[in-house]
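Each remark here refers to the structure printed beneath this line.
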Amino acid sequence: MRSIIEYLREIVLGIWSLLKGMKVTSTYFFSPGKIVTQKYPENRKSLVMLERFKGEVVMPHNEKNEHKCTGCGICEINCPNGTIEIISKVIITEDGKKKKAIDKHIYRLGMCTFCALCVKTCPSNALAFSQKFEHAVFNRALLNKILNKPGSQLMKGVE
Amino acid sequence: MLPEIVAQNTSASQSVPWWKFFYDFSLLTQPVDVWLKGSVSPFWSTVIEMAIVGVLFLLFYAVVGLFLVYAERKVCAFIQNRLGPNRIGPFGIFQTVADLIKLLFKELIPIKNADSFLFNLAPFIVIIVNFMVLAAIPFSKGLHAIDFNIGIFYVIAVSSMSVVGVLLAGWSSNSKYSLIGAMRSGAQIVSYELSIGLAIITIVILAGSMQLSEIIEAQRTGWFIFKGHIPALIAFVIYIISSTAETNRGPFDMAEAESELTAGYHTEYSGIRFAFFYLAEYINMFIVASIAATLFLGGWMPFHVGSWDGFNRIMDFIPPFIWYIGKTFFIIWIIMLFKWTFPRLRIDQLLTLEWKYLLPINLLNVLIMAFIVLMGWHF
């Protein structure tokens with residue numbers, strides 16, 4: 001007798017849980033307001049990417065054309081596939097000392113896997129990710145970018 | 001040729017307004033039949049009528065198959081908070097047409113060491129079985145190709161032949177995935193055939209006839225799912241579950257479990273032969289849904305309640321064809337909801353469900369229904 005009750009209880013509970021699942025899916029089916037798909041080429045003008053989206057590595061500059069990159073080369077060491085190459089130069093500071101500084105921060109977008117190790121390990125927070133994602137170009141050479149702008153300088157107070 | 005015939009006959013014999021056709025299609029088919037019998041010999045009139053019906057079924061097959069593939073993609077997308085196909089045509093309705101054109105142009109890859117005769121034959125067996133079942137389905141009042149006196153029996157008997165096509169496809173492909181898929185499919189269809197048969201028998205007991213037109217006529221005072229109350233409802237649930245399994249759709253898609261067997265029995269098929277299997281799968285779903293609509297929800301019969309004559313009259317204004325399509329697509333929607341809600345069963349769980357749960361309940365249900373009919377406790 002007990003086994004029969006157990007058998008029937010199993011059936012009722014099974015049907016109940018199946019109906020619960022179907023309730024969830026049919027709620028989603030009948031609420032088209034929840035659809036998250038974006039119609040991309042049509043909404044290109046109004047498209048806002050998420051803040052955490054990893055589009056490409058950039059080096060933010062302030063309005064005086066200053067960046068935070070000291071040219072230490074930690075990003076180059078940490079990059080798993082050789083995307084970043086640092087070319088440094090020696091400059092003479094105001095008080096007459098010789099100092100290492102960035103000449104070219106070369107970033108090869110075509111080799112980047114967007115792992116964010118360079119951004120995470122940068123000691124002076126000089127790198128960041130932009131939300132730009134339309135990277136297609138007709139020439140592969142255009143994918144090799146120099147991140148520091150021409151004539152830019154190290155920001156004051158960043159060592 | 002067909003519109004001319006209609007024009008001649010309707011204007012000559014009796015002037016029937018065109019909208020009457022939607023309520024009784026025999027007004028359209030009867031004059032055509034009379035005209036053909038009068039103008040050519042009986043043999044040729046039969047041949048021409050069969051050709052017309054065949055062409056109509058071919059068109060119907062293609063349109064419904066393509067629409068169901070599209071509908072499946074849309075339903076799946078809405079359940080998963082996506083938009084689904086939306087590029088080709090308004091709301092992407094021509095997506096499947098484009099897919100079909102692509103498949104038509106693709107190469108038919110010959111398989112080395114495959115049994116080429118059986119390999120080529122298998123998709124046609126599946127398709128032919130589909131057509132044979134479609135012939136017995138009542139689409140609307142007077143729109144019924146063959147009305148056998150054992151209609152529902154014929155449908156069960158013929159539809160179970162499609163497993164032959166599946167097994168042949170798996171066997172002749174000379175691939176382990178195909179063979180395992182086909183064997184699983186065979187085991188599944190053979191066991192769930194039993195549940196479908198018993199669920200149908202429950203309704204045949206209530207209707208007192210196997211002829212589909214009579215089953216529908218018996219639902220003039222109320223659909224069987226309301227007339228037969230509890231046992232009919234149980235039979236309906238069992239029918240829906242086992243027909244989902246019978247058509248090899250998820251959560252019972254063991255036969256083509258894409259994570260384990262790539263695509264099951266049609267792994268080795270390409271181009272239009274693959275399209276045949278794919279379309280046949282969806283038409284199978286349409287067939288089981290329309291049988292469920294016919295047996296439990298009254299087929300093309302409008303929603304009638306006993307002796308409420310005024311209410312029944314209002315319901316009769318909606319054409320029977322609309323009722324039929326509406327009910328069928330409602331059941332198809334339920335079956336699609338199953339697929340996109342539940343996870344796939346293991347093969348032992350599948351057989352446990354059938355032999356330990358559905359079959360005993362079903363046998364008991366047949367007994368209860370027979371008792372209720374005997375005592376006259378139905379509505």
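Just so it is clear: chains get the letters A, B, ... in the order the sequence lines come, proteins before strands, and each one is counted from 1.
Annotation for B/Gln219 and B/Leu295: closest pair NE2-O, 3.6 Å, computed over non-hydrogen atoms. When all heavy atoms are compared, the tightest approach of B/Ala98 to B/Ile88 is CB-CD1, 3.9 Å. Nearest approach of B/Ser243 to B/Ile335, heavy atoms of both residues: OG-CD1, 4.4 Å. Closest approach of B/Thr328 and B/Ala289 over heavy atoms only: O-CB, 3.7 Å.
Relative orientation of the B/Tyr357 and A/Tyr7 rings is parallel, given thresholds of 30° and 60° on the angle between their planes.
Among residues two or more places apart in sequence or in another chain, the side chain to side chain donor-acceptor pair (under 3.5 Å) test is passed with B/Trp340 by B/Glu72. Partners of B/Phe236 according to the ring-ring contact (aromatic ring centres under 6.0 Å, His included) rule, which considers only residues two or more places apart in sequence or in another chain, are B/Phe296.
No side-chain heavy atom of A/Ile84 sits less than 4.5 Å from a side-chain heavy atom of A/Val57. B/Asn284 places none of its side-chain heavy atoms less than 4.5 Å from the side chain of B/Glu246. The closest side-chain heavy-atom distance from B/Val288 to B/Tyr239 is below 4.5 Å. When side chains are defined from C-beta on, A/Lys149 counts as touching A/Asn65, because their heavy atoms get closer than 4.5 Å.
Of the two parts of B/Val237, neither the backbone nor the side chain holds a non-hydrogen atom closer than 4.5 Å to a non-hydrogen atom of chain A. Proximity to chain A is limited to the side chain of B/Phe342, based on heavy atoms less than 4.5 angstrom apart. For chain A, no part of B/Pro251 is nearby; none of its heavy atoms comes within less than 4.5 Å.
Interface residues of residues 15-27 of chain A toward chain B, defined by a heavy-atom distance below 4.5 Å and sorted by number: A/Leu18, A/Gly21, A/Met22, A/Thr25, A/Ser26. Applying a 4.5 Å heavy-atom cutoff, the residues of residues 41-51 of chain A that approach chain B are A/Pro41, A/Glu42.
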